[in-house]
Structures are given as structure tokens and as C-alpha cells.
There are 2 protein chains.
Amino acid sequence: MATYAVNVSPAAPSSVGNEDLVGRRVLVVDDDPTVAEVASSYLRASGFVIDEARDGFAALQLAERIDPDLVVLDRMLPGIDGIEVCRRLRHRSSVPVILLTALGSEDDRIAGLEAGADDYLAKPFSPRELVLRVQSVLRRSIDEFTPQSVLEFGGFRLDPSARVATRAGAEIALTSREFDLFEFLAKHPNQVFSREDLLRTVWGWTYGDLSTVTVHVRRLREKIELDPRSPALLTTVWGVGYRFTTGGAPDAMV
Amino acid sequence: MATYAVNVSPAAPSSVGNEDLVGRRVLVVDDDPTVAEVASSYLRASGFVIDEARDGFAALQLAERIDPDLVVLDRMLPGIDGIEVCRRLRHRSSVPVILLTALGSEDDRIAGLEAGADDYLAKPFSPRELVLRVQSVLRRSIDEFTPQSVLEFGGFRLDPSARVATRAGAEIALTSREFDLFEFLAKHPNQVFSREDLLRTVWGWTYGDLSTVTVHVRRLREKIELDPRSPALLTTVWGVGYRFTTGGAPDAMV
DNA sequence: GACATCCGTTCGCGTTCCGTAAGGCTCGTG
DNA sequence: CACGAGCCTTACGGAACGCGAACGGATGTC
């Protein structure tokens, strides 16, 4: 089944799979042992490596030592306040922070965002949602700092940073949209996407004319398919959407 | 005529529109017929397909059979306690659970969190709010780009995300409905489903012509059975329905 | 300012798929 | 063995869908 974790920015097509998240270090900061325990065990079950701190001071010290990939931070803490901890964390690193607020009050949210929190969760929260948010935020931050890798498959080569596509060394002249579409499909091969899916992820629209997708698929086919009349790579799945196959026959040469 | 993808709730930062939720299966578990009835009718009005159970045991059994997308679970149940039901549900699937608690007591909340509930609602609840919570939780649990697990059995291979079915490596050309039917049956082997069951789960209808199922079963048989005249995998259980056997003879040769 | 490029939209056509209806067959029961 | 209900098979019409071609507007370039 599918999903979405709250993404504020219009659906970024992430290439980071859940398996890339396994082993990441998460620091859980809460003075309530029960809450911390529940959160930790769920996160651990999802493959994260967990450290815990009971107050702000310990949190800062620990963060310094272990350099976590993400921090789950309670807003209300004995000693240094959660907001302040967040600010100080941010002062010397760009570690993502998820803030746990007492209630979804507007003030808390604003304060949290100002302090540099990446996301927040109102208490009482569901541990499963916490896991989803952690994964989502981590995915985003990994995306951001991972240099875009070049995609190679079946004679094609896609360079996202240069925005150049070649087949057997020869450049394929793609327009901007065509490249975006191609890139997304190439990053998620052997998966069917509906026109709505593509409109949301590639175009970043939540509504719109679906035939836009149809036409662009057609144009893309014209440039990458050997025989655009009977597509071999970018195939239509009737009543569902489109699927990109990198090369059922391994390395379908040109 | 243009076809539009419309997101009904622009307020929510999620990219999953409400239309994606229509037809999802919700299991409502409550021993009080009045409560169950109210909840069911409201959810049904919002486009969900509803099944009901009166106690924990029936709930677990039904969940096994129909594989719901979400469970609305009363905390107080005759026989097995709601919390325990939740825990057992979680034991073998990741189906989201919304717990109905007698009152927002702290103990209930903690116990629920530990058992893995996704959200709560204190009784008496507003049916309107229930619908909203169900939609919200479902939206969260839908992760679009995480490929689903591939099913393999007796020479067959079913890839739900690619929507490709193969036997011994050779692709079987299935239509959309045929694939859905095949997928559902393959996910619940050795179980008998009535035509009503299939119409509800695969088609997402609560009423309709049962012969629709009959015909599709026949069409599916034509494509997956070695001898469609005497089916070996998708067999008829007279007066009851259909059963799919992954390979009565272990690894039914090709 | 003229031109080329790209993008989103529109319309008509051919195809595919689905649901339903009708008749024949099969299985279980009395 | 006969009957009836349940199931299978076939055929068909309509609706949904995808495709191709072309148009007009917006944008950027020379």
C-alpha cells in the first residue's frame, strides 16, 4: 500500500528507499520514560539505531558525541527548553529535528519552525506516525545532500545535474519536462504510475488535465523508443497508467 | 472532454486525494449494534466499503479473510480485549487501527500506543470526526512509491507494483480487473470466497450483479489454468464460492 | 520585433475492456 | 431418476480509454 508522509513541498520524487534508512542514528529526547521507551522501541523495530537522553543538557552533550542523523525532541524538558535545544543543535550542525509539542497550538508550531525544526508532532502521538515522519524527514535530508547520481541502464545514460541524456554516447535532445519525466521513470523502473501520480510528482500539480501526461509520454516515446508505434520501454498499462522497463532483456543494446 | 484530477482537500498537505480512499475496506468492531451501525453508515456514505464484527474473535477471523485497509476497534469488547486484538492484528499485518476508548484516560492512551494503535477517539464520538480520522490515517498509511512485495508460488510470479504476472518467466497478459482478482486470490490462498466477498473486496462494490464475478473468474481461468475446462488452481466450491490453491500438487509444473 | 521552441489543451478516431443477458450444462437433493 | 438451483459459456453493446494530430499561447532567442 502506498503513502505519503506529510510533505510540505509538493511531492518530491525521492529515490531513497526505506532500506537506505536502516542503521541511521536517531536521538530520542524526552523526560517521560514511558514515551521515550515507546518511541524508541518502534523506531528500533524499523531498523534505526537509537540513543536516548532525558533532558536538554544531556541531549546536547550526546549529540556532540554521537552525531545522530536525526533528533526527536520533546518541547517540554527540564532544564533547557526543547526550543532552545533545537536552536543550539542547529547552531553547529544541520541535523534534522522533529519536535514533540504538547498540543497542536499555533504558538508552539511557529516557535518550533523558527527554531529550525523540520517537522513536529502533537502529543499524544501515534508511534507509527512518528516512524513515518522520521523516515520522511530523513529521506528528504538524504536527498538533499546526496550528490545526484548518474543513471545508467540499457545503453542509456542520464545525468540529472547536467540534465543530459545520451543513448550509446549520442545525446538525445530532451526538453525540460521530458527530462523530468524520463528521470522519474528511470528512477522507479518496473512500477506502474497513474497519470495522477505523474502529474503530482513530475509536474507538482494536485489537479490538472491528465492528457498533459499522455501527450508528454507520447513525445518522450518519440525520442527514446526504437519504434514509437509499439513501445518497448515505456509501455501503457491499460486503465492504470504507464510503466518504464529498463530492459527486460538485460541491456537491450541499441 | 477533458479528464481532471481534482484534489478535494487542498488544506491537507498530503498529496493523496480523497478519491484515492473511495473503495477502501474498513472493518468496524464494536459490540454495541447502535454504535457500529452509526459508524458504518457514515463511513459507507463517504465511500468506504464496510465490514462489521461484534467481538474480538470475530474481528480477527474476519480481518484474516477480507484483509481490510483499516480497522476501527472498540477498546472494550466481550471476549478478547480491544488492546489485545490490536496487538494480534499487528502481529501479522501492518493494518492501521483506530481505537475507540471509553474516555480519554491516560492509561488507555498509553496502553493503546504500546499496542500500536494509530489514532484514538473518545466515546461518545462524533461520526463526522470518525470519518475525518479514518481518512487522515488512511492517507498517511498510503505510501505511493514503496514497491509492494512480489508474490511467488508454483511457477507464477505476481508483481503488484509493476502489475505484471508471469508463469515460468513468460508474461501472462491480464486486464486490469483480472490482475486485481488474481492478486487478491493469490494473497489469500486456500480460502473460499463467495461472489459477494469478491465483489466487495476486489470490485469495491456493496451490491451488484454476481455474474460479473463469474465471468471474470472464467476469463482468469482461461489465462492461468493449464486446462480451463477442469480448473486445478481456481476451483469452484459448489454453493459457496471460489477457492484458489497455490499448487495442490507442489509446484504445479508448467 | 520576428522567429523558433516548448508546453498545455482540444478533438476525433480506433481499440480495449467490462458488465449484462440468455441459454445450456452440472451438481446436489428428494 | 428427475428436478431445480447454481454454475459455465458465449455473445454483444456500450462505455471508457489511449492515441495521434494539430492549434494557440507563452517564453526565450537572435
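Note on naming: letters A, B, ... go to the chains in the order of the sequence lines (proteins, then strands), and numbering restarts at 1 for each one. Since this is a predicted model, take the numbers as computed values, not measurements.
Straight-line distance from the CG atom of B:Leu234 to the P atom of D:dT9: 12 Å, rounded to whole Å. Between the NZ atom of A:Lys223 and the C1' atom of C:dC7 there is a distance of 12 Å, given to the nearest Å. When the P atom of C:dG24 is taken as reference, atom CZ of B:Arg218 falls 17 Å away, rounded to whole Å. One can place CG of B:Leu210 at 13 Å from P of C:dG19, the figure rounded to the nearest angstrom. The distance from atom CZ of A:Arg219 to atom P of D:dC23 is 14 Å, rounded to the nearest whole Å. One can place CG of B:Asp209 at 16 Å from C1' of D:dG13, the figure rounded to the nearest angstrom. One interatomic measurement links the two molecules: CZ of B:Arg229 to C1' of D:dC7, which rounds to 14 Å at whole-angstrom precision. Rounded to an integer number of Å, the gap from B:Leu181 CG to C:dG19 P is 11 Å.
Side-chain nitrogen and oxygen atoms of A:Thr175 include at least one within less than 4.0 Å of the OP1 or OP2 phosphate oxygen of C:dC7. Dashed line: the shortest gap from a side-chain N or O of A:Trp238 to OP1 or OP2 of C:dT15 is not under 4.0 Å. Considering only side-chain N and O atoms, A:Arg221 lies under 4.0 angstrom from the phosphate OP1 or OP2 of D:dC19. Checking the phosphate oxygens (OP1, OP2) of C:dG19, a side-chain nitrogen or oxygen of B:Trp203 falls inside 4.0 Å. Of the side-chain N and O atoms in A:Tyr242, none sit less than 4.0 angstrom from OP1 or OP2 of D:dC17.
For D:dG6, its base never sits under 3.5 Å from the side chain of B:Arg195 at any donor and acceptor pair.
The aromatic ring centroids of B:Phe193 and B:Phe184 lie less than 6.0 Å from each other.
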Inset, instruction - With salt bridge (Lys or Arg N to Asp or Glu O under 4.0 Å) as the test, would you mind laying out the steps for B:Arg221 and B:Asp227 before giving the verdict? - result: CA-CA 8 Å; B:Arg221 277 177 177 159; B:Asp227 180 10; over 6 Å; no
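Within the nucleic acid shown, B:Val215 comes within 4.0 Å of at least one base atom, counting heavy atoms only. Backbone-only contact: A:Arg177 has heavy atoms under 4.0 Å from sugar-phosphate atoms and none from a base. Nucleic acid contact class of A:Thr212 (heavy atoms, under 4.0 Å, all strands): base.
A:Arg200 and A:Glu196 are not joined by a salt bridge, as no carboxylate oxygen comes within less than 4.0 angstrom of a charged side-chain nitrogen. With respect to B:Asp197 and B:Arg65, a salt bridge is recorded, a charged nitrogen being found less than 4.0 Å from a carboxylate O.
Picking from D:dA22, C:dT20, D:dG18 the nucleotide with the shortest atom distance to the side chain of A:Thr236 gives D:dG18.
Taking B:Tyr242 as the reference, nothing meets the ring-ring contact (aromatic ring centres under 6.0 Å, His included) condition, with sequence neighbours excluded.
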